[in-house]
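Keep in mind the model is a prediction, meaning the values are calculated, not measured.
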Amino acid sequence: MMKHGPVDVVVLAFAEARFDGSALAELEKQADSGVIRVLDVIILLKDEDEACWRIEASDLPPEEAAAVAFIEAETMGLFDDEDAAMLCEGMLPGSAVAALAIEKTWATELAKAIAAEGGEMAFSYRVPASAVDEAFEALTA
């Protein structure tokens, strides 16, 4: 019996490492509402000398660690050193990457119903929000 909904791995690239907490606040809001569950996060920084640094939630000061407290400790660790190394390879100096494993809790019961009928996910594709906006703008032009 399926226990989880589908999981998306989302990699966000930032030209500069400036985070104000608004994205984490929105993730927490969505998690609190039951729409998603953030299973893990990995944050990487690459300095100008091209050294890559992994920031662990456990390394954060208490006030910053509180911002990721909505991620359950027992699901942290899904991203490993191999994932970090792969992500670091593609980073530019001075940039940051955040990768998230996000369970679509809203889809758990739907996934169970599809599996009960013998079906399974054959293909999934995510259209970026900017492309959706452009498509709707083209409809009204």
For [X] and [Y], indicate whether the former's side chain and the latter's backbone hold a donor-acceptor pair under 3.5 Å.
X: Asp32; Y: Lys29; result: no
X: Lys46; Y: Cys88; result: yes
X: Thr105; Y: Val35; result: yes

Do you know which two heavy atoms are closest between Val97 and Ala13, and how far apart they sit?
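Of all heavy-atom pairs spanning Val97 and Ala13, the closest is CG2-CA, 4.5 Å.
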If every non-hydrogen atom of Phe70 is compared with every non-hydrogen atom of Ala31, which pair is closest and at what distance?
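Closest heavy-atom pair between Phe70 and Ala31: CD1-CB, 4.1 Å.
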So Glu28 and Leu24, side chain to side chain contact (heavy atoms under 4.5 Å, CB included) or not? Walk me through it.
CA-CA 6 Å; Glu28 182 175 19; Leu24 281 175; over 6 Å; no
Give, for atom [atom1] of [X] and atom [atom2] of [Y], the distance between the pair rounded to the nearest 0.5 Å.
X: Glu134; Y: Leu139; atom1: CD; atom2: CG; value: 12.5 Å
X: Glu50; Y: Leu92; atom1: CD; atom2: CG; value: 8.5 Å
X: Ile36; Y: Gln30; atom1: CD1; atom2: CD; value: 6.0 Å
X: Leu44; Y: Met91; atom1: CG; atom2: CE; value: 5.5 Å
X: Glu26; Y: Ser22; atom1: CD; atom2: OG; value: 9.0 Å

Any side-chain heavy atom of [X] sitting closer than 4.5 Å to one from [Y]?
X: Asp47; Y: Leu45; answer: no
X: Met121; Y: Ile114; answer: no
X: Glu103; Y: Thr75; answer: no

More than 12 heavy atoms of other residues, nucleotides or ligands under 6.0 Å from [atom1] of [X]: yes or no?
X: Glu82; atom1: CD; result: no
X: Asp81; atom1: CG; result: no
X: Glu120; atom1: CD; result: no

For residues [X] and [Y]: do they belong to one hydrophobic cluster (side chain heavy atoms under 4.5 Å, members Ile, Leu, Val, Met, Phe, Trp, Tyr)?
X: Val10; Y: Val7; result: no
X: Leu12; Y: Val38; result: yes
X: Phe14; Y: Leu87; result: no
X: Val68; Y: Leu100; result: yes
X: Phe123; Y: Val127; result: yes

Residue among Val41, Asp40, Leu27, Leu39 satisfying side-chain contact (heavy atoms from CB on, under 4.5 Å) with Ile102:
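Of the listed residues Val41, Asp40, Leu27, Leu39, the side-chain contact (heavy atoms from CB on, under 4.5 Å) partner of Ile102 is Leu27.
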